[in-house]
Each structure stands twice: as C-alpha cells, then as structure tokens.
Asks: 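Provided herewith is a single structure, encoded as structure tokens, for subsequent inquiry.
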Amino acid sequence: MQQQHTGHAQPAHQGRSRPDARTKSRSAGPVRTRLRSHLAALAALLAIGGLATFTAPGAQAAANPYERGPAPTTSSIEAARGPYTVAQTSVSSLGVTGFGGGTIYYPTATGDGTFGAVAISPGYTATQSSIAWLGPRLASQGFVVLTIDTLTTLDQPDSRGRQLLAALDYLTQRSSVRGRIDSSRLGVMGHSMGGGGTLEAAKSRPSLQAAVALTGWNLDKSWPEIQTPTLLVGADGDSIAPVLTHSEPFYAGLPSSLDKAYLELNNATHFTPNTSNTTIGKYSLAWLKRFIDNDTRYEQFLCPLPSPGPAIEEYRGNCPHTS
C-alpha cells in the first residue's frame, strides 16, 4: 500500500591540519601558526553548521514525506474532526463494477501532496449509512475515504472482501479524486461481515498497508496468510459476533510476527461501531496513520499498549511495531 521512507543526513567532519615537517625560517613559523589557527576555526564552524543541519526541526518531517497534518495529541486524535476541510462526492452503483457504489470523502487541500486511501464496508443487511460517520472523521485527518454499499445487503464476508478491493481499484484508477491518492498507500476497514470482509481483502492483497475489523464476523477463524498490519476491535457485550468465537480467535490466528492488535470495547455491543465512537475513532485513526502513512508520530498511542479503563475492556498487541 504505501511507500516507505527514511533519510539520513551526514554529519560534517572536522579536518585536522598536518604538522609541519620542519620550520624553514623563524618568520614562517608565526604565519603558519596563524594559518593553522584560522583553518581550525573554519573547520569547527563547518562542523557546527553540519550538526545544525542534521538536527533541524524539519529533518524528521523530511525523512517521512507521507506524514500529513500537524503532530498529533490525545485531544486531536479523539476529536470528531481533524485539521483538513473535507468535501464529499457520491458514487453511483450504475457507474462502477464490483461493488454497489458509495460516498467518497476527501481533504480539499491541494498543497500537501497525495493521501493514503481507505475503503470501508458495512455489515450484513446494512448500507453505507451505518458506517458513514467514519468517512469525514478519517478524511479530515488526511485520508481519502470511500464508504461503500455492497452489491446486496446479504453479501457474505468473502464477497465483501472482493468488493472492498474493487472499491480501492475504482478510487485509484477511475474516480474523480484519483489524482489525490497515492495508490501504494491503501487500507481496508469494515463492520461485522464487513469486518470479516476486511480480513478476506487483506488475505487476498498482501500489498495493503493496514486493515481494521470492527466487531468482525467470519466463519474462518484462522488467518496465517495475512501480511497486512491488522487491528481487531471486539465488544464485550457482542451477542452476534461474540469475541470468544470471532475477534479473539481472529487475533490468535494471525501470524505472531505480524504487527497486530486486539482492542475489546467495554460496555459495548455488536452495533457500537454504527454510531460515532471516540475509542473506535481514536485507535482506528492511530492504526491507519501508523501503517498507511508510516507515521511514527502515532506510535505513542499504540505502544506501550493502552490500559484497560472505562472504554477499554482489554488491549493486546505486539510492541514496538516493526512495519
């Protein structure tokens, strides 16, 4: 999905003047001494200048050209809206193939380069309206987001996975905002059977950079093929996709070497992801930023692992992340 980036400045080296083999005259000595003194001072200034260049505030940003937006804070990632103004456009089912249309949300800024993109699927019997709150929330933080309708509301997870990939292909190849998207920085997300579809999509397309499954449902419990960093969000009160038979086995079935996490919501149900939720928004955003944009400024919200509390029943994961 996306591109990786590192850059290293080279520190300047101080030069040392060679000692004279032999002083030829008394008058030459003071001149050479002064010359050596001037050269040493110049070398020191150059070294200081090189060090200043290396540690300049912009050096970190330059090392990762995919960072978007200001440095995050707890309040900024918990906010319902981020720093970018968002526009949206409808996608008719009549003009696309492989999925049922949807809505694109995108930052209106044109001076920050391209953005990563995320396709989001609703669950069984649901339409895009059930996950619409995530569109502007994520787009305002620096993503192009497509919330989709599925071909039928009864589509199973494997079909929803294929539809998520078709939606990403449409976004990057045919949509009106394709020029705003970096096609190597893509992710998938979904609720319920859409969450199960998220796992199917990640299994089918290893180049995806991030996957987030919200109270996911799938008959397949083991996912050793997945190479995409994956966040699984379960709910302690879920009676439709209970964590003991869905999200927890999904997490256990992912490769141990994979960057992965399991977040169990406290006092939540299967349908908690269908309305605006600070905890879901916060950790989904941090996950997408960390792995789609490789923005390590968001690592602080994922590692060390978040502690249980009023909103979090349990959080598991591997830290530090290696992707």
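These values consider heavy atoms only, across backbone and side chains, with no hydrogens, waters or symmetry-generated copies.
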Asks: Kindly indicate, with the supporting measurements, whether the criterion side-chain hydrogen bond (donor to acceptor under 3.5 Å, both in side chains) is fulfilled by Ser323 and Asp259.
Replies: CA-CA 7 Å; Ser323 298; Asp259 282 325; 2.6 Å; yes
Asks: Drop me the distance from Ser284's OG to Lys289's NZ, to the nearest 0.5 angstrom.
Replies: 13.5 Å
Asks: Taking side chain as C-beta onward, heavy atoms only, is Val144 less than 4.5 Å from Pro107?
Replies: yes
Asks: Is there a side-chain contact between Tyr283 and Thr279 in this structure, where contact means two heavy atoms from C-beta onward sitting under 4.5 Å apart?
Replies: yes
Asks: What heavy-atom pair brings Thr198 and Gly190 nearest, and what distance separates the two atoms?
Replies: OG1-N, 3.1 Å
Asks: Minimum heavy-atom separation for Ile104 and Ser175, please, with both atom names.
Replies: CD1-CB, 4.0 Å
Asks: Any non-hydrogen side-chain atom of Leu263 less than 4.5 Å from a side-chain atom of Pro306?
Replies: no
Asks: Leu302 and His321: which non-hydrogen atoms are nearest, and at how many Å?
Replies: CB-CE1, 3.7 Å
Asks: Can you find a pair of side-chain heavy atoms, one from Thr230 and one from Trp223, that are under 4.5 Å apart?
Replies: no
Asks: Say whether Gln163 and Ser159, considering side chains only, have a donor N or O and an acceptor N or O under 3.5 Å apart.
Replies: yes
Asks: For the pair Arg205 and Asp169, find out whether any cationic side-chain nitrogen is under 4.0 Å from an anionic carboxylate oxygen.
Replies: yes
Asks: In the structure I gave you, are the side-chain heavy atoms of Val86 and Val145 within less than 4.5 Å of one another anywhere?
Replies: no
Asks: Please tell me whether Ile131 and Met193 are part of a single hydrophobic cluster in this structure, the criterion being side-chain heavy atoms less than 4.5 Å apart.
Replies: no
Asks: What is the minimum heavy-atom distance between Leu232 and Ser247, and which atoms define it?
Replies: CD1-O, 3.8 Å
Asks: Tell me the salt bridge (charged side-chain N to carboxylate O under 4.0 Å, His left out) pairs involving residues 296-320, sequence neighbours left out?
Replies: Glu67-Arg297, Glu248-Arg316, Arg290-Glu299, Asp295-Arg297, Glu314-Arg316
Asks: Tell me, which pairs form a ring-ring contact (aromatic ring centres under 6.0 Å, His included) where one or both residues lie in residues 100-126, sequence neighbours left out?
Replies: Tyr84-Phe115
Asks: I need the minimum non-hydrogen distance between Glu264 and Ala235, along with the two atoms involved.
Replies: CG-C, 4.3 Å
Asks: State, with a plain yes or no, whether a side-chain heavy atom of Thr74 is found less than 4.5 Å away from one of Lys282.
Replies: yes
Asks: Nearest 0.5 Å, what's the CD-CG distance between Gln128 and Leu134?
Replies: 12.0 Å
Asks: Over all heavy atoms of both residues, which pair between Asp220 and Phe250 is shortest? Give the atoms and the distance, please.
Replies: O-CE2, 3.2 Å
